[in-house]
Amino acid sequence: MNIPFLDIWRKRPEADQSPLAAAFDRDPEGVGELLAECELLRARAQAAGVRLDDTPRSLVAIDQLTPRWRDDPEELPWIGNDAGLYLGTVIVRTVPGAAWQVWPGGRPVVRLASGREIDVVTAGLDWAVGGSPELSQVYAEAAEF
């Protein structure tokens with residue numbers, strides 16, 4: 001039975017999905033690699049002599065960086081976003097059962113094996129603006145679950 005309005009109705013939720021969420025549905029590993037790039041944060045860390053190797057130890061090193069980005073209102077949100085995505089990358093790569101999840105609106109979060117979701121971008125922005133919670137602290141809490 002072919003009822004045209006049903007086809008449109010079935011497709012409608014996809015229209016409400018962000019391009020990132022749609023891409024994640026098609027290729028979660030590829031999107032995970034894209035989220036792990038964090039180019040600005042990696043460049044700033046390298047300039048400060050910090051190597052980001054996707055380990056919890058590197059989160060401690062990032063927490064110790066001098067927050068020069070706070071003097072630049074244009075750079076601040078980008079560093080915060082990258083810091084959150086890097087935090088998520090470390091959690092996904094080192095905490096058993098952790099995985100990226102993208103909400104329909106396009107917000108990347110990390111889902112732990114327990115089902116708890118961590119809004120890593122918000123954590124990264126909070127860290128970039130005020131220095132807390134420290135990225136290593138958010139990681140430690142995620143690793144406990």
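This one's a predicted model, so the numbers in the text were calculated from it and none came from an experiment.
- The hydrophobic clustering, which links ILVMFWY residues whose side-chain heavy atoms are closer than 4.5 Å, places Val60 and Leu52 apart.
- A distance-only check finds no donor-acceptor pair linking the side chain of Asp126 to the backbone of Ser132 [under 3.5 Å].
- Val92 has its side chain within reach of Val110: a pair of non-hydrogen atoms, C-beta onward, lies under 4.5 Å apart.
- The list of ring-ring contact (aromatic ring centres under 6.0 Å, His included) pairs with a residue in residues 58-82, not counting sequence neighbours, reads Trp69-Trp127.
- Nearest approach of Thr89 to Ala36, heavy atoms of both residues: OG1-CA, 3.3 Å.
- Shown here for Ala123 and Val138, the closest heavy-atom pair between the two residues is CB-CG2, 4.3 Å.
- Under the salt bridge (Lys or Arg N to Asp or Glu O under 4.0 Å) criterion, Arg70 pairs with no residue, sequence neighbours left out.
- In this structure, CD1 on Ile118 lies 4.5 Å from CD1 on Ile91, to the nearest 0.5 angstrom.
- Heavy-atom neighbours of Arg93 CZ from other residues, nucleotides or ligands within 6.0 Å: above the threshold of 12.
- Between Leu85 and Trp100, the closest side-chain pair of non-hydrogen atoms falls below 4.5 Å.
- Counting heavy atoms from C-beta on, the side chains of Val121 and Pro108 come closer than 4.5 Å.
- Under the rule for a side chain to side chain contact (heavy atoms under 4.5 Å, CB included), the partners of Glu134 that lie at least two apart in sequence or sit in another chain are Asp63, Ser136, Gln137.
- The backbone N or O of Val90 sits nowhere less than 3.5 Å from a side-chain atom of Tyr139 that would complete a donor-acceptor pair.
- With rounding to the nearest 0.5 Å, the separation of CG in Leu65 from CG in Leu41 is 7.5 Å.
- Contact detail for Ala21 and Val102: the closest heavy-atom pair is CA-CG1, 3.6 Å.
- Counting all heavy atoms, side chain and backbone alike, Thr94 lies closest to Asp54 at CG2-O, 3.9 Å.
- Each ring-ring contact (aromatic ring centres under 6.0 Å, His included) pair with one or both residues in residues 28-49, not counting sequence neighbours, would appear here, but there are none.
- Leu87 contributes atom CG, which lies 12.0 Å from atom CG of Asp82 (distance to the nearest 0.5 angstrom).
- For residues 26-67, there are no ring-ring contact (aromatic ring centres under 6.0 Å, His included) pairs, not counting sequence neighbours.
- Across every non-hydrogen atom of Cys38 and Tyr86, the tightest pair is SG-N, 3.5 Å.
- Within the model, atoms OG of Ser58 and CG of Asp53 stand 5.0 Å from one another, a figure rounded to the nearest 0.5 Å.
- Residues Arg44 and Ile79 approach most closely at CG-CD1, 3.7 Å, considering heavy atoms.
- Side chain to side chain, Thr122 and Arg107 meet the donor-acceptor criterion of an N or O pair below 3.5 Å.
- No side-chain heavy atom of Arg116 sits less than 4.5 Å from a side-chain heavy atom of Arg111.
- Other members of the cluster containing Val109 are Trp103, with ILVMFWY side chains joined at under 4.5 Å, either directly or via other members.
- The local environment of CD in Glu117 is crowded, with over 12 non-hydrogen atoms from other residues, nucleotides or ligands closer than 6.0 Å.
- With values rounded to the nearest 0.5 angstrom, Arg42 atom CZ is found 8.5 Å from Ile62 atom CD1.
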